[in-house]
Amino acid sequence: MIFSAFERMVAMRYLRARRQEGFISVIAGFSLLGIGLGVATLIIVMSVMNGFRTELLGRVLGLYSHLEVQSLLGPMPENDAVTQRLLTVPGVTAVMPTVEGQALITQDGTASAAYVHGITPEDFRRRPIVSTHLVEGAAEAFGAATGATGDEANLGDGIAIGSRMAKRLNLHVGDQLRLVSPRFNQTAFGSIPRARTYPIAAIFDVGMYDVDNSLIFMPLAAAQTFFGVANGYTSIEVFVQDPTHIDPYLAAATRAAGQEYRVYDWRQRSAAFVSAIDVERNVMFLILSLIILVAAFNVISSMIMLVKDKGRDIAILRTMGASRGMVLRIFFLTGASIGVVGTVFGMVLGVLFTKNIEAIRQFLQAIIGRDLFNAEIYFFTQIPAKLDWMEVTQVGVMALFLSFAATVYPSWRAARLDPVEALRYE
């Protein structure tokens, strides 16, 4: 073994301080606690950032298309051959024509903005992140005929709205929602805003505040009439097998679409979210690593004090035949033990906290009576956390390296101590 039984015995003895050495023991204890809390904090924060990124990408990729094709010449006709060409691209799993646009909600004397996404009822049911997260209504009711008459015949097909929009406007399945289009109808009296009333067929909750608060799914035929895109689409959504490696699909879809079309991928649509999370993740890792570095400096200070306090013991060991290497290993083992115990303690605490972070949040909210995770700010209704065991291992290795590095100088000082000088005034 690297350390002999004698070296391990002396190192452990130095860790159990006597009454007159209690101050040094307290400093060592704080160093151990600092390393442990630093490691735990770093694991918890990185796990939450990983959870944010995973949840965000999972919901974005499930809610929005992986690729979006738009015509450079305006709305594309229904019989556009680009749809058939896109279906021939290897790896493409679905191609969905859509009509998208902004609208104004006028309800009970109030007005608010919304984003309308027009798709066919079949495509709506093929989006499990929406169709399987309904809090009211059924996916089959989306786009079903409602028997509307007059100028709203065939335009009153059931729509789907988010849970927070429904709560904000006090709406339920079966209620009516009035939308105003940005396009105008030309009449003898001038331009009149195009407005229609649609019954609510379903209410979804995907767990993203912005989506649940402002997105409306509308049957494709109704959206075409509402936005004045008769027998046409504003874009075509393309879904692929592996959206995390989108570049090959993007290149193939661009070639298949042709020069009259522009192809976007999901990274461009959600670039702000993804880049912000990546930047925050890297910055938080750097900042929180300083906590472990500060704890490592505490190890240095406690070890230097221990070396000065044990000067006579070191001199006696040297006169009894202990080599400088033996003394260096004794004090290195003493300091390293603090780092190992602190790192293990921090890793266990960080993993346990991460595994139960949502239960801990609910417990703290019940005690203080305040919302600690506002969905309006963080986009999610609960704290997402994903443990990356490779990352946990990297944090542990970094903490051990800093701890071991912090013990090198004090151990070297102890090994270089001159026994004659240490015992001169004893």
Side-chain angles (χ1 to χ4, degrees), residues 2-3 8 11-12 14-17 23-55 277-306 329 331-364 372-373 378 382-411:
I2 299 178
F3 303 99
R8 294 197 300 272
M12 294 304 104
Y14 285 168
L15 287 174
R16 300 189 300 270
F23 182 68
I24 299 175
S25 179
V26 169
I27 296 178
F30 277 116
S31 302
L32 185 150
L33 187 62
I35 293 175
L37 292 179
V39 170
T41 302
L42 189 54
I43 290 175
I44 294 168
V45 172
M46 297 308 294
S47 297
V48 171
M49 298 303 294
N50 289 337
F52 263 104
R53 193 178 194 280
T54 301
E55 287 290 325
I277 288 180
D278 287 340
V279 170
E280 289 178 3
R281 181 177 179 275
N282 295 332
V283 171
M284 291 302 294
F285 182 86
L286 178 62
I287 294 175
L288 295 176
S289 296
L290 297 178
I291 299 177
I292 303 177
L293 185 61
V294 171
F297 278 111
N298 288 338
V299 173
I300 295 177
S301 63
S302 64
M303 289 299 299
I304 289 177
M305 295 181 64
L306 180 63
R329 288 191 294 272
F331 283 91
F332 181 84
L333 182 59
T334 302
S337 299
I338 298 174
V340 170
V341 174
T343 300
V344 173
F345 165 72
M347 293 177 69
V348 172
L349 178 62
V351 170
L352 291 177
F353 194 100
T354 301
K355 291 286 189 180
N356 301 277
I357 190 168
E358 184 60 24
I360 294 173
R361 178 181 79 95
Q362 298 291 346
F363 174 73
L364 293 177
L372 300 178
F373 192 76
Y378 300 105
Q382 62 180 8
I383 301 178
K386 179 185 178 183
L387 272 173
D388 185 341
W389 291 106
M390 180 60 68
E391 201 167 65
V392 171
T393 303
Q394 292 174 350
V395 172
V397 170
M398 181 188 68
L400 290 176
F401 172 78
L402 292 176
S403 302
F404 292 168
T407 62
V408 171
Y409 176 71
S411 302

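Numbers here are sequence positions counted from 1. Atom set for the values below is all heavy atoms of this structure, side chains included, hydrogens, waters and symmetry mates excluded.
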Engineer: Would you check if the side chain of Ser301 reaches a backbone N or O of Asn298 as a donor-acceptor pair within less than 3.5 Å?
Structural biologist: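 Judged by distance alone, yes, a pair lies under 3.5 Å.
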Engineer: With rounding to the nearest 0.5 angstrom, report the CD1 to CE distance, Ile44 to Met46.
Structural biologist: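 The distance works out to 12.5 Å.
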Engineer: Nearest 0.5 Å please: distance from the CD atom of Gln394 over to the CZ atom of Phe285.
Structural biologist: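 Rounded to the nearest 0.5 Å, the CD-CZ separation comes to 7.0 Å.
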Engineer: Output yes when a side-chain donor or acceptor of Thr407 lies under 3.5 Å from a complementary backbone atom of Phe404, and no otherwise.
Structural biologist: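 Flag set: sc Thr407 to bb Phe404 pair under 3.5 Å.
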Engineer: Starting at CD1 of Ile338, measure out to CZ of Phe30 and round the result to the nearest 0.5 Å.
Structural biologist: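 Output value for this atom pair is 13.0 Å.
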Engineer: Verify, without hydrogens or angle tests, whether Ser47 (side chain) and Ala385 (backbone) share a donor-acceptor contact under 3.5 angstrom.
Structural biologist: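 Pair absent, no side-chain N/O of Ser47 close to backbone of Ala385.
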Engineer: Less than 4.5 Å apart, side chain to side chain, heavy atoms only: is that true for Tyr409 and Ile304?
Structural biologist: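 A side-chain contact under 4.5 Å exists here.
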Engineer: Test Leu349 against every option in Val39, Leu37, Val344 by the side chain to side chain contact (heavy atoms under 4.5 Å, CB included) rule and name the one that passes.
Structural biologist: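 Of the listed options, the one satisfying the test is Leu37.
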Engineer: Could you check if a side-chain atom of Leu387 sits within less than 4.5 angstrom of a side-chain atom of Val392, using non-hydrogen atoms only?
Structural biologist: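 A side-chain contact under 4.5 Å exists here.
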Engineer: Which heavy-atom pair separates Gly34 from Ala295 by the least distance, and what is that distance?
Structural biologist: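 Looking at all heavy atoms of both residues, the shortest contact is C-CB, 3.5 Å.
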Engineer: Just how far is it from atom CG of Leu400 to atom OG1 of Thr343, taken to the nearest 0.5 Å?
Structural biologist: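 Nearest 0.5 Å value for the CG-OG1 distance: 4.0 Å.
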Engineer: Please tell me if the side chains of Met347 and Ile43 come closer than 4.5 Å, counting only heavy atoms from C-beta onward.
Structural biologist: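 In short, these two side chains touch, coming nearer than 4.5 Å.
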Engineer: Could you give me the CA-CA distance, side-chain angles and deciding distance for Phe353 and Thr41, then say whether side chain to side chain contact (heavy atoms under 4.5 Å, CB included) is met?
Structural biologist: CA-CA 9 Å; Phe353 194 100; Thr41 302; over 6 Å; no
Engineer: Minimum heavy-atom separation for Gly335 to Val299, with atom names?
Structural biologist: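 Closest approach of Gly335 to Val299: O-CG1, 4.4 Å.
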Engineer: For Ala406 and Pro410, work out which heavy atoms get closest and say how close.
Structural biologist: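 Where Ala406 meets Pro410 most closely, the heavy atoms are O-CD, 3.3 Å.
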Engineer: Once rounded to the nearest 0.5 Å, what's the spacing between atom CG of Leu42 and atom CG of Leu286?
Structural biologist: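 Leu42 atom CG to Leu286 atom CG measures 10.5 Å (nearest 0.5 Å).
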Engineer: Between Ile35 and Phe345, is there a side-chain heavy-atom distance shorter than 4.5 Å?
Structural biologist: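 No; the side chains remain at least 4.5 Å from each other.
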Engineer: In this structure, which one of Val45, Asp388, Thr354 forms a side chain to side chain contact (heavy atoms under 4.5 Å, CB included) with Asn50?
Structural biologist: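 Exactly one candidate clears the test, Asp388.
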Engineer: Roughly how far, to the nearest 0.5 Å, is the OG1 atom of Thr334 from the CZ atom of Arg329?
Structural biologist: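 Separation between the atoms: 13.0 Å.
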